[in-house]
Amino acid sequence: MRAVFKAIISTTVAISLTTLLAGCGGGGGSNAPGNPTTPTPDFTRLTPLKSENGLSVFGNDIIDVNASAGFVVLADNGESLTNVQWEQTSGPALTLLADQSQAIGFDVTETGDYALTVSATTASGIFRTVTVSFTTSDNTPEDTVNLRLDHMATERGRVSIRVDSPSNKIITSTQWTQIGGPAPAEITYQEDRTNGPMRSAFMEAPEVSRDEVMAFRVTATFDDGTTASDDVLIGVKEASIVNSAIFTDIEMYVTTDLRPYNPNTPYADALLECVYNNTVVNSCSFDKLPLIGMDTLSPTIDTILDRTLVSHAWMGERFREFLTQSAAAEDIIKLLRGVTAVVISYDVRPSFYWVRTGAIYLDARNFWRTPQERDTINTIPDYRSSFGNELQFGIYWRYVKDGEYYYPQSSLAASSRLSKSFDQLEASLAWLMYHELAHANDFFPPSVWSSVDSSSNPLSHFQRYGAQSSIMSSNYPLQSALLEGLADVSFGGEDATTAQKNTTPAEVADAFSADIAPAYYAYYTEREDYAMLFEQFMMLYRMNVSADVAVIGRDNNDDALITWGQRHRINQDTLQARTAFAVQRILPDLNVSSIQADLPDVIQMPAGQSWFDLVTLDSAGNLRFLTSGKEANSQATLPPLQIAEFERHLH
């Protein structure tokens with residue numbers, strides 16, 4: 001993300017933007033996805049695999065078994081295309097998760113002869129269709145890599161591609177080459193050896209005057225000196241962009257592949273116009289897109305899905321699954337009355353709520369269950385992941401249940417190609433939904449739904465009436481100026497002063513333990529303070545999941561020995577009044593004081609013990625098992641002083 005966006009996005013945004021804004025290649029083997037042809041002044045275009053009936057399809061007609069592959073369709077005359085639909089017409093079944101996009105990517109796992117038909121409507125209103133065929137190669141090389149995933153990007157939008165190997169060989173180096181199409185902005189690379197080697201490349205799609213195709217090749221060298229290559233196609237969609245629009249004004253250029261999950265929703269036009277695009281300049285009125293709670297106080301799952309926009313249909317299907325099966329579902333459906341819409345998209349990262357639209361924007365990485373679904377998600381790191389690296393400490397968090405990690409989850413590296421159970425999906429989503437919907441109900445609590453002026457809009461309503469978190473902050477203010485300043489470094493990217501760099505873990509522990517914040521993130525803004533109180537309370541009450549927080553020194557501390565830590569801090573007596581304030585305004589049906597009396601007491605973590613071992617604490621603060629938590633939990637193979645903090649930064 002660019003600097004302006006880095007400076008202002010959090011989970012919520014206020015009148016000043018920091019409070020208002022409260023995500024293998026073309027053919028496998030050595031086949032390139034077409035040969036470069038006639039140069040243009042700026043770049044070399046690729047030769048399509050097939051041109052027919054006014055459409056050109058880019059890709060390969062020979063693909064290796066177990067390769068990742070894809071195709072892109074463009075109009076021959078440069079016109080834009082709409083109503084795109086891919087359909088497999090022969091061959092062993094492929095998983096086409098982007099079948100309504102101009103670019104599709106998929107894995108080929110069986111030998112055979114395949115055919116795909118793609119149809120589309122041109123900007124001039126002409127319906128066109130073309131069929132392409134490919135066959136699997138009989139001489140699949142012994143050494144292979146997969147470059148994932150062929151897909152469509154919007155000009156100036158974020159692009160990520162990654163390479164991994166299906167074998168047990170370790171990738172020691174990679175060489176990346178663009179082999180056709182317009183050049184993107186600067187490409188950055190990242191190595192991830194978590195649970196298997198993986199390399200990623202991140203870029204910004206170039207500006208284009210018509211739809212185009214980029215092609216990249218990666219050549220990987222393994223630890224035994226052998227090499228393997230693969231290619232990927234990235235379609236680039238020419239888009240209408242207004243530089244002063246809600247999103248582009250903060251240099252965020254969003255996908256044009258977004259669509260209502262329910263195409264027949266009566267709000268289809270309003271959702272597309274008002275919520276997530278590169279042209280909306282002003283907040284839409286509630287006459288056009290009301291809060292769900294303004295329409296009905298008893299929404300159904302279908303009511304919610306009628307307000308849901310997705311970049312891929314599977315995201316809406318996983319959302320439905322969560323709303324149908326989760327223990328949190330009844331709460332979440334009630335809380336969703338405080339939003340105008342739900343956006344789940346491959347390019348949302350991190351998740352956030354924005355009062356300018358009244359919608360929540362959810363990172364699709366919390367929704368996937370299969371590796372194929374995961375492949376479709378942009379993997380650019382959260383821009384805040386390096387903030388605060390000069391500080392001597394971290395204040396880390398996690399959720400635990402029954403003596404095991406609940407979230408963040410272990411053994412889910414992308415290169416392992418594992419699927420998630422529903423329980424893991426629920427763990428990924430429950431805390432996130434409680435958090436983001438706390439923001440929505442901070443600005444629009446149940447007490448105001450019946451009285452909202454339908455001619456106003458989310459932003460103007462907030463400007464007139466404010467938010468509940470401001471009242472809470474006035475009544476129950478946090479006390480530590482030290483931690484507020486440090487939070488600006490850790491979450492806002494401010495440069496650390498010399499004094500802040502010299503602040504010791506012990507000094508931080510003293511300040512945090514004496515104050516009334518549930519988490520370090522609460523010091524960033526009063527909006528986050530409010531949302532963290534609600535999130536942790538609901539996770540403990542509804543999900544029976546405990547929140548851990550600990551101060552851990554960064555220097556010479558590979559075993560992550562804690563300076564200070566607590567479990568169930570949300571139920572500490574000094575936090576109960578402010579927790580009740582938030583919860584009673586967000587879910588007024590709950591008898592909070594009665595619930596608090598039945599919640600578990602705070603458990604003090606023994607100083608000097610490993611953060612990983614402390615997963616197994618009993619109610620007296622003693623370790624239940626002698627086995628090292630660092631050895632027993634594969635979560636501990638992740639960078640020990642970054643994983644938990646990194647996850648929290650993803651709102």
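Counting begins at 1 with the first residue of the sequence.
Between Glu212 and Arg45 there is a salt bridge, since a side-chain N of the basic residue sits under 4.0 Å from a carboxylate O of the acidic one. Ion pair Asp107/Arg417 flagged as a salt bridge, since at least one NZ, NE, NH1 or NH2 atom sits closer than 4.0 Å to an Asp/Glu carboxylate oxygen.
Every pair passing ring pair (Phe, Tyr, Trp, His ring centres under 6.0 Å) that includes a residue from residues 139-187 is listed here, sequence neighbours excluded: Trp176-Tyr189.
Residue-environment remark: CG (Asp495) stays at or below the threshold of 12 foreign heavy atoms within 6.0 Å. Counting heavy atoms of neighbouring residues, nucleotides and ligands inside a 6.0 Å radius, atom CD of Gln175 does not exceed 12 of them.
Checked by atom type and distance alone, the side chain of Thr89 pairs as donor or acceptor with a backbone atom of Ala115 at under 3.5 Å. Looking only at distances, a side-chain donor or acceptor of Asn53 sits under 3.5 Å from a matching main-chain atom of Thr129. Listed for the Glu79 side chain is a donor-acceptor partner under 3.5 Å among the backbone atoms of Ser124. With hydrogens and angles disregarded, no donor-acceptor distance shorter than 3.5 Å links the side chain of Thr357 to the backbone of Val275. Asp211 contributes a side-chain N or O that, together with a main-chain N or O of Glu238, makes up a donor-acceptor pair within less than 3.5 Å. With Gln409 contributing its side chain and Gln424 its backbone, the two residues share a donor-acceptor pair below 3.5 Å. Side chain of Thr525 to backbone of Glu528: a donor-acceptor contact under 3.5 angstrom is found. A side-chain donor-acceptor contact under 3.5 Å links Arg158 to the backbone of Asp347. Between the Ser311 side chain and the Asp257 main chain, no donor and acceptor come within less than 3.5 Å of each other.
Taking all atoms of both residues into account, the shortest heavy-atom contact from Glu436 to Leu362 is CG-CD2, 4.1 Å.
Taking the six-membered ring where the residue is Trp, Phe352 and Tyr361 present parallel rings, their angle staying beneath 30° rather than reaching 60°.
A donor-acceptor contact closer than 3.5 angstrom links the side chains of Asn277 and Thr279.
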(request) Start with the C-alpha distance between Lys50 and Asp61, add both sets of side-chain angles, then the distance that settles salt bridge (charged side-chain N to carboxylate O under 4.0 Å, His left out), and finish with yes or no. (result) CA-CA 10 Å; Lys50 186 173 184 178; Asp61 58 2; over 6 Å; no
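Between Phe491 and Phe387, a ring centre-to-centre spacing not shorter than 6.0 Å is recorded.
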